[in-house]
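Proteins come first, then strands; the chains are lettered A, B, ... in the order of their sequence lines, and each starts at number 1.
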Protein chains: 4
Amino acid sequence: MPRLKEEQLQIIYEERKQQIKLAAVKIFARHGLPGTKISMITSEAGVSHGLFYHYFKTKDELFISLVREAVETSIQEIGNLSQLAASPIEKIRILTQSMLDESGVPYFMLLHRARNFEEVPDLVSRLIQNYPIEIYIERLLPIFEEGQQRGEVADGNLTEMIANYLTVISGVMVLGNGYPTPRIDWLMRFVEKK
Amino acid sequence: MPRLKEEQLQIIYEERKQQIKLAAVKIFARHGLPGTKISMITSEAGVSHGLFYHYFKTKDELFISLVREAVETSIQEIGNLSQLAASPIEKIRILTQSMLDESGVPYFMLLHRARNFEEVPDLVSRLIQNYPIEIYIERLLPIFEEGQQRGEVADGNLTEMIANYLTVISGVMVLGNGYPTPRIDWLMRFVEKK
Amino acid sequence: MPRLKEEQLQIIYEERKQQIKLAAVKIFARHGLPGTKISMITSEAGVSHGLFYHYFKTKDELFISLVREAVETSIQEIGNLSQLAASPIEKIRILTQSMLDESGVPYFMLLHRARNFEEVPDLVSRLIQNYPIEIYIERLLPIFEEGQQRGEVADGNLTEMIANYLTVISGVMVLGNGYPTPRIDWLMRFVEKK
Amino acid sequence: MPRLKEEQLQIIYEERKQQIKLAAVKIFARHGLPGTKISMITSEAGVSHGLFYHYFKTKDELFISLVREAVETSIQEIGNLSQLAASPIEKIRILTQSMLDESGVPYFMLLHRARNFEEVPDLVSRLIQNYPIEIYIERLLPIFEEGQQRGEVADGNLTEMIANYLTVISGVMVLGNGYPTPRIDWLMRFVEKK
DNA sequence: CATGAATGAGCGTTCATTCAT
DNA sequence: TATGAATGAACGCTCATTCAT
């Protein structure tokens, strides 16, 4: 059954690739592009450095594709919210949670670096410029609007509120593990109608 | 008068050193420690790369001393606030302004990197751990307390309020030039009694 | 009949081996030993790169054995000429033709590299030194002598004539596809009695 | 006198560059582009491998510029012949000598590799294609014509004669140090009117 | 003090070779 | 036999650092 074997190989291939990618996001988030050595990624992933190049062309190329994925995933996640059978305020809470949960933070940090520092390849800068904060605000607007109509979301200018909300979330992430806060609930106070 | 000449040399020496330091903070802030090449600093400062080593022992040593200065300056600035002949709310506004003004941002970014990323020498990590956010909160507490007593600062738990205030400032800096906000005034709303 | 199956395997084995060898000569001739990657050979041969090592121990070993074969074949071909039922001048023409024909050129190029460039393993250099040009001259001498006696080959010192003949053939090959010449006939003019 | 010092530095710079270039041609000629390691060049030149990159951007770039120089020099040398106060046959002898003399051989080998092997960067292939053998023939034609008119050069079709002459010279170089010939005089026999 | 030539440690990447399947 | 995943030695190149001028 060569058919089955081929498929199996394909699966293993994708698993390995994912394993290296996961290691890479973690390291890139912590050390940045120039601070990340291939050996850090491969030893985190538990493979030899040579294997990296079976799965990825260059360090830059991997970084770029990770940023691209992070951008696209973040946009998509907002899109997915709309599909959810939940009240607007619940959706906002879910979003907040997903941004702050452990697996999401490295991706956020990657985007943070890509957005604010000039340590990245040109392609990344251009990529990021296609997705300014405004796009996120715009996509979130309908959810917040519905929330306001239902009386779940606080009154006031929504564009500004969303901007503030995003700013504050960023602040929380950036201050990082520095000090403990009742994260989610505290953040929701910027949004919820008391 | 060799005396005078020596003094003059001393002055030139200090000016040059400062000039290189200023260039360095700017570049370190943008590119991080591993992303910063000595040649970037020296060309920003307009000197030859060899000259760097007349003023500083190594790249790491300069980075460390810059972080140390940034930490100490930031603590000192809070200390200086107390000396000011101004009302508490004015002091807070002045602090806010100084954190966000153009010359301050690179130092903030340096601290941000030192605090959140592991791309720095061990010595820096240890240095930073000696100055956790709590210290800033603690130092600001008297000013906020006086403000509350005078009715200038909003009611509520002050420790929490200061933490939030710092979080939000960080968020603003991190979101960076991404989108326009009425910075200072907007930030003061988290603090002022309306 | 396991006997038969084994034989068949043997045949397949030899065919595969030959197929890889043919690809290898071609690539070695064009790219030299260090310029030839195993993957070039295997993709030219249409097999996986892993398979290479079923048939050959190392890249060097294959290169060496190919050079050895080329040397031995070239010597043998001259030997075979004697057996041929043809006039001396015909024999020389056949030899010329075989050196310049498409399948022969890569082998010639291999020898050219082995003889003139130091990009080869020591063993190859030593191998080649055992077969200096003089040996070729010496082996061709009887044919040319008979030709001269029969009045087919031009008059003059034969050792020199053969050396010139080989030199010119080499020149033609080296100038390569650069410009068109009536190859065979033009070359024969260095030899034939007009 | 900073003026003088700068000039001196410039001179030293050019000398070092030349020193590395000379080492490089020699090694490239012997080992080809992929067979040449930077360390071979630098140890031949007696400098550290790091220094190479003060003077040249990459190995390929150096190779390309050397081939370009070889091509241009070879064309120029033919041009210079015309300026010489010498009889046509003397000019041809001088040309022959310069092609075969020790310092010229490595450049010839470089061109040989660039012209005949596909182990070179694309730019080199294109460069070489701009200077096919025909150009050399064309440039030599006037000299040979004058020689024929003066009765110094043998009768016959000149284009063909020059082509043969170049072919034979190439053959001599390619057969290399394999066997001894009365080089110059023997080669001139293809050209001189006896 | 100022310059840039020189060195070498270190990292990115390639590729010959091995090996499990 | 045949494949391609896996390893690590080796090489191209960068850049921090030193040093002669």
Legend entry - Base-paired stems that DNA chain E participates in, counting runs of 3 or more Watson-Crick or G-U pairs under 3.5 Å: E:2-21 with F:2-21
Legend entry - Worked check of side chain to side chain contact (heavy atoms under 4.5 Å, CB included) between C/F52 and C/V47: CA-CA 8 Å; C/F52 181 91; C/V47 299; over 6 Å; no
Legend entry - Value in whole Å for how far the C1' atom of E/dA16 lies from CZ of C/F56: 15 Å
Between the protein and nucleotides 11-14 of chain F, which nitrogen or oxygen pairs come in under 3.5 angstrom?
from	atom 1	to	atom 2	distance (Å)
F/dG12	OP1	D/T36	O	3.4
F/dG12	OP1	D/K59	NZ	3.3
F/dG12	OP2	D/I38	N	3.1
F/dC13	OP2	D/Y53	OH	2.9
F/dC13	OP2	D/K59	N	3.0
F/dC13	N4	D/H49	NE2	3.2

Inset, instruction - For atom NZ of C/K26, decide whether the heavy atoms of other residues, nucleotides or ligands shown that lie under 6.0 angstrom number more than 12. - result: no
Inset, instruction - Look at C/Y55 and F/dT1 and indicate whether a side-chain polar atom (N or O) is within less than 4.0 Å of OP1 or OP2. - result: no
Inset, instruction - With rounding to the nearest 0.5 Å, note down the distance linking CG in B/L123 to CZ in B/F63. - result: 11.0 Å
Legend entry - Protein-nucleotide distance (A/Q8, atom CD; F/dT3, atom C1'), rounded to Å: 15 Å
Inset, instruction - Can you tell me the distance, in whole Å, between the CE atom of B/M40 and the P atom of F/dC15? - result: 8 Å
Legend entry - Interatomic distance where CD1 belongs to C/I41 and P belongs to E/dA16 [whole Å]: 8 Å
Inset, instruction - Find the distance between CZ (C/R68) and CG (C/N130) and round it off to the nearest 0.5 Å. - result: 10.0 Å
Legend entry - side chain to side chain donor-acceptor pair (under 3.5 Å) partners for B/Q19, two or more places apart: B/R16
Inset, instruction - Counting heavy atoms from C-beta on, name the nucleotide in E/dA6, F/dT3, E/dA2 closest to the side chain of D/L51. - result: E/dA6
Inset, instruction - Report the distance from atom NE2 of C/H54 to atom C1' of F/dG4, rounded to the nearest whole Å. - result: 11 Å
Inset, instruction - Can you label the angle between the D/F117 ring and the C/F117 ring as parallel, tilted or perpendicular, going by 30° and 60°? - result: perpendicular
Legend entry - Sub-4.5 Å side-chain heavy-atom contact between D/H54 and D/Y13: no
Inset, instruction - In whole angstrom, give the distance that lies between atom NZ of A/K17 and atom P of F/dA6. - result: 13 Å
Inset, instruction - Classify the angle between the aromatic ring planes of A/H112 and B/H112 as parallel (below 30°), tilted (30 to 60°) or perpendicular (above 60°). - result: tilted
Legend entry - Stepwise salt bridge (Lys or Arg N to Asp or Glu O under 4.0 Å) check, B/R113 with A/E119: CA-CA 13 Å; B/R113 285 184 181 273; A/E119 63 197 22; 3.1 Å; yes
Legend entry - Distance, rounded to the nearest Å, where B/R16 contributes CZ and E/dT3 contributes P: 7 Å
Inset, instruction - Output the single nucleotide from E/dA6, F/dT1, E/dT3 whose closest atom is nearest the side chain of D/S48. - result: E/dA6
Inset, instruction - Find the distance D/H31:NE2 to F/dA10:C1' and express it as a whole number of Å. - result: 17 Å
